[in-house]
Peer 1: 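This is the structure, below, for whatever I ask next.
All residue numbers in this chain count up from 1 along the given sequence.
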Amino acid sequence: MSHTRSLALGSALTATLLLAGCGAEVDSDGAAKASEKVTVKRCGEPVSYKVPQRAVAYEGGSADKLFSLGLTEHVHGYVMPPANPPVSESPWASEYAKVKMLSDDLLNKEIVVEAKSDFVVAGWNSGFSDQRGITPKILDKLGIQSFMHTESCFNYPGHPQKVTPFNALYSDLERLGKIFRVEKKADQVVGDLKKRVAAVEKKAPKGDRVPVFLYDSGTDQPFTAGSQVPPNDIIKASGGRNVFDKLDERWTQVNWEAVTKAEPEVVIIFDYGDQPAKKKIEFLKKSPHTKELPAVKKNNFFVLDYNEGISGPRNIDGLEKFGKYLRELKR
């Protein structure tokens with residue numbers, strides 16, 4: 001299952017203004033160095049990059065990272081599968097409007113080649129895929145540069161890298177800053193995000209952490225968030241505890257017995273195009289597996305937007321909203 005989904009209400013305007021930026025100035029001597037190569041890690045593998053001019057981004061998280069660094073002029077287009085919320089909802093909607101929508105399907109090699117792209121940003125097994133014949137190694141052979149979300153690197157074959165999800169987000173912005181020679185802009189963006197995270201952590205409720213279950217999809221067996229995806233850090237930084245934080249996985253399947261046993265007091269509904277939050281909540285209220293859960297009986301549902309739950313700057317929007325929700329929660 002490709003993972004990039006979500007929806008929570010409203011978007012932080014201040015965050016938008018802080019992150020959007022009209023464009024990133026190339027750092028000193030950047031113009032002279034733009035044709036030279038710089039070595040940056042792609043997961044655990046050192047790779048030499050020249051400054052991309054026709055980047056293709058897969059899903060909102062990839063595009064948001066590039067737009068937040070002021071790199072719109074370097075982006076040729078994006079690929080956005082139908083499950084994703086409309087790009088008009090993004091804090092960078094005006095930047096999306098300046099580049100091409102290349103496809104509303106899954107990422108594939110043909111799209112990238114036809115676009116004459118020189119750089120592709122996606123996640124491992126959520127964009128790049130052995131099964132679909134588009135991997136960094138395949139693109140390397142075609143002379144097309146690629147970059148993977150660090151959050152997806154923990155089980156990347158040959159060059160794994162394990163980093164907590166928020167640190168993976170910071171790392172991506174810093175690495176992309178280096179590839180595009182906009183390190184100062186990257187430092188500023190990362191600094192702003194870290195300040196916002198610290199502010200939520202400081203206000204987090206004291207005492208026992210609220211047990212939280214993220215419900216993505218599934219009726220026979222639920223699909224949820226393990227420790228290697230952004231919702232785990234969103235829950236943790238807000239003062240909650242992901243009931244499946246011991247699972248060393250990204251998006252993963254569990255069984256209903258494990259959910260029942262965890263007795264979550266809050267359910268985060270991961271909301272995206274083809275599986276609306278309302279229907280998921282209706283299912284949880286009727287299912288014999290979940291209707292007696294503390295969270296369901298108290299109607300403690302929080303809706304998380306797809307692009308606030310996949311790796312990207314909007315993770316911090318999701319964190320601020322969920323942090324506020326937990327602080328106001330009556331237990």
Peer 1: Determine whether V163 and L319 fall in the same hydrophobic cluster, where Ile, Leu, Val, Met, Phe, Trp and Tyr are linked whenever their side-chain heavy atoms lie under 4.5 Å apart.
Peer 2: no

Peer 1: Give the cluster check for I234 versus F154: same hydrophobic cluster or not, with ILVMFWY residues linked at side-chain heavy-atom distances below 4.5 Å.
Peer 2: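 I234 and F154: separate clusters.
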
Peer 1: Determine, stepwise, if the pair L107 / V120 fulfils side-chain contact (heavy atoms from CB on, under 4.5 Å).
Peer 2: CA-CA 10 Å; L107 186 67; V120 182; 4.0 Å; yes

Peer 1: With under 30° as parallel and over 60° as perpendicular, where do the rings of Y325 and F322 fit, or are they tilted in between?
Peer 2: parallel

Peer 1: Taking side-chain hydrogen bond (donor to acceptor under 3.5 Å, both in side chains) as the definition, give me every residue that meets it alongside S146, ordered by chain and number, with sequence neighbours left out.
Peer 2: R42

Peer 1: For residues A186 and G177, report the shortest heavy-atom separation together with the two atoms involved.
Peer 2: CB-CA, 3.9 Å

Peer 1: Treating N84 as the side-chain partner and P81 as the backbone partner, does any N or O pair qualify as donor plus acceptor under 3.5 Å?
Peer 2: yes

Peer 1: Drop me the distance from F166's CZ to S311's OG, to the nearest 0.5 angstrom.
Peer 2: 10.0 Å

Peer 1: Given 3.5 Å as the limit, does a donor-acceptor pair link the side chain of D118 with the main chain of Q53, or not?
Peer 2: yes

Peer 1: Would you kindly check if the NZ (Lys) or CZ (Arg) of K280 is within the cone defined by 45 degrees around the ring axis of Y272 and under 6.0 Å from the six-membered ring centre?
Peer 2: yes

Peer 1: Could you give the distance from CG (L173) to OG (S68), rounded to the nearest 0.5 Å?
Peer 2: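 L173 CG to S68 OG: 5.0 Å, rounded to 0.5 Å.
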
Peer 1: Looking at R181 and I179, would you say the former's side chain and the latter's main chain have a donor-acceptor pair under 3.5 Å?
Peer 2: yes

Peer 1: I want to check something: taking the side chain as every heavy atom from C-beta on, are K65 and L71 in contact at a cut-off of under 4.5 Å?
Peer 2: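 Counting from C-beta outward, K65 and L71 never come under 4.5 Å.
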
Peer 1: Determine whether Q145 and L139 make a side-chain contact, defined as any pair of heavy atoms from C-beta on separated by less than 4.5 Å.
Peer 2: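 SC-SC contact between Q145 and L139 ruled out.
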
Peer 1: Side chains of H289 and T260: donor-acceptor distance under 3.5 Å anywhere?
Peer 2: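 Side-chain D/A pair, H289 to T260: absent.
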
Peer 1: Within a 6.0 Å radius of atom NZ on K206, are there more than 12 heavy atoms belonging to other residues, nucleotides or ligands?
Peer 2: yes

Peer 1: When clusters are formed by joining ILVMFWY residues with side-chain heavy atoms under 4.5 Å apart, either directly or through shared neighbours, do V197 and V189 land in the same one?
Peer 2: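 In one cluster with V197: V189, yes.
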
Peer 1: Nearest heavy-atom pair of N307 and G60: which atoms, and what distance?
Peer 2: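 Minimum heavy-atom separation between N307 and G60: OD1-CA, 3.4 Å.
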
Peer 1: Do Y78 and F67 make the cut of ring centroids closer than 6.0 angstrom?
Peer 2: no

Peer 1: Between the main-chain N or O of F223 and the side-chain N or O of D216, is there a donor-acceptor pair closer than 3.5 Å?
Peer 2: no

Peer 1: Is there side-chain contact between F301 and V296, with heavy atoms separated by less than 4.5 Å?
Peer 2: yes

Peer 1: Would you say the side-chain atoms of T39 pair up with the backbone N or O of P46, donor to acceptor, closer than 3.5 Å?
Peer 2: no

Peer 1: Could you give me the CA-CA distance, side-chain angles and deciding distance for K162 and Q228, then say whether side-chain contact (heavy atoms from CB on, under 4.5 Å) is met?
Peer 2: CA-CA 8 Å; K162 192 172 176 184; Q228 298 300 309; 3.4 Å; yes

Peer 1: Is there a donor-acceptor contact under 3.5 Å linking the side chains of D172 and T150?
Peer 2: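 Result is yes, a qualifying pair exists.
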
Peer 1: Could you check if a side-chain atom of E263 sits within less than 4.5 angstrom of a side-chain atom of P294, using non-hydrogen atoms only?
Peer 2: yes

Peer 1: Assess whether atom CG of D208 is packed by more than 12 heavy atoms of other residues, nucleotides or ligands within 6.0 Å.
Peer 2: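 No, CG of D208 has 12 or fewer neighbouring heavy atoms, counting only those of other groups under 6.0 Å.
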
Peer 1: Hey, does the side chain of S238 reach the backbone of G240 with a donor-acceptor pair shorter than 3.5 angstrom?
Peer 2: no

Peer 1: Before you tell me yes or no, could you show the steps for M80 and Y96 under side-chain contact (heavy atoms from CB on, under 4.5 Å), namely the whole-Å CA-CA distance, both residues' side-chain angles and the distance that decides it to 0.1 Å?
Peer 2: CA-CA 11 Å; M80 202 69 69; Y96 279 97; 3.8 Å; yes

Peer 1: Is it the case that atom CD in E114 sees more than 12 heavy atoms from other parts of the structure closer than 6.0 Å?
Peer 2: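 It does not: E114 CD has 12 such atoms or fewer within range.
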
Peer 1: Under a 3.5 Å distance rule, please check whether S117 uses its side chain to pair with a backbone N or O of R54 as donor and acceptor.
Peer 2: yes

Peer 1: Verify side-chain contact (heavy atoms from CB on, under 4.5 Å) between L106 and Y58, making sure each step is shown before the conclusion.
Peer 2: CA-CA 8 Å; L106 299 176; Y58 179 67; 3.2 Å; yes

Peer 1: Is there a path of hydrophobic side-chain contacts, each under 4.5 Å between heavy atoms, that joins V51 and V99?
Peer 2: yes

Peer 1: Determine the minimum heavy-atom distance between G158 and P160, stating which atoms define it.
Peer 2: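 Looks like C-CD, 3.5 Å.
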
Peer 1: Below 4.0 angstrom, N of the basic side chain to O of the carboxylate: do D64 and R314 qualify?
Peer 2: yes

Peer 1: Could you tell me the separation between the OG1 atom of T252 and the CD atom of Q221, rounded to the nearest 0.5 Å?
Peer 2: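 The OG1 atom of T252 sits 9.5 Å away from the CD atom of Q221.
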
Peer 1: For E328, is there an ion pair with K324 - N to carboxylate O distance below 4.0 angstrom?
Peer 2: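 Salt bridge present between K324 and E328.
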
Peer 1: So K37 and K50, do their side chains get closer than 4.5 Å, heavy atoms only?
Peer 2: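 They are in contact (side-chain heavy atoms under 4.5 Å apart), so the answer is yes.
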
Peer 1: Quick one: pull up NZ in K279 and CG in D271 and give me the separation to the nearest 0.5 Å.
Peer 2: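 Here the rounded value is 12.0 Å.
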
Peer 1: Drop me the distance from Y49's OH to L176's CG, to the nearest 0.5 angstrom.
Peer 2: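 That separation rounds to 8.5 Å.
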
Peer 1: Under a 4.5 Å cut-off applied to non-hydrogen side-chain atoms, are F283 and S217 in contact?
Peer 2: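 Of all side-chain heavy-atom pairs linking S217 with F283, none is under 4.5 Å.
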
Peer 1: To check you understand the geometry: which heavy-atom pair defines the closest contact between E292 and K297, and what is its length?
Peer 2: O-CD, 3.3 Å

Peer 1: What distance separates F128 CZ from T135 OG1, expressed to the nearest 0.5 Å?
Peer 2: 8.5 Å

Peer 1: For the pair E73 and K98, find out whether any cationic side-chain nitrogen is under 4.0 Å from an anionic carboxylate oxygen.
Peer 2: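 Answer for the salt bridge query: no.
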
Peer 1: Is there side-chain contact between F244 and L214, with heavy atoms separated by less than 4.5 Å?
Peer 2: no

Peer 1: Is a side-chain donor or acceptor of S152 paired with a backbone partner of W124 at a separation under 3.5 angstrom?
Peer 2: yes

Peer 1: Which pair of heavy atoms, one from P313 and one from G61, lies closest together, and at what distance?
Peer 2: CD-O, 4.4 Å

Peer 1: For a quick test of reading the model, state the closest non-hydrogen atom pair linking L304 to G318 and the distance between them.
Peer 2: CD1-CA, 4.1 Å

Peer 1: Within the 4.5 Å heavy-atom criterion, are V259 and P222 side-chain neighbours or not?
Peer 2: yes

Peer 1: Is it true that R196 and D317 make a salt bridge, defined as a side-chain N closer than 4.0 Å to a carboxylate O?
Peer 2: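 Between D317 and R196 there is a salt bridge, with a charged N closer than 4.0 Å to a carboxylate O.
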
Peer 1: May I ask you to decide if L284's main-chain N or O and S287's side chain share a donor-acceptor pair within less than 3.5 Å?
Peer 2: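 Not confirmed, S287 side chain does not pair with L284 backbone.
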
Peer 1: Using a 3.5 Å distance criterion without hydrogens, assess whether the side chain of N315 forms a donor-acceptor pair with backbone atoms of I310.
Peer 2: yes

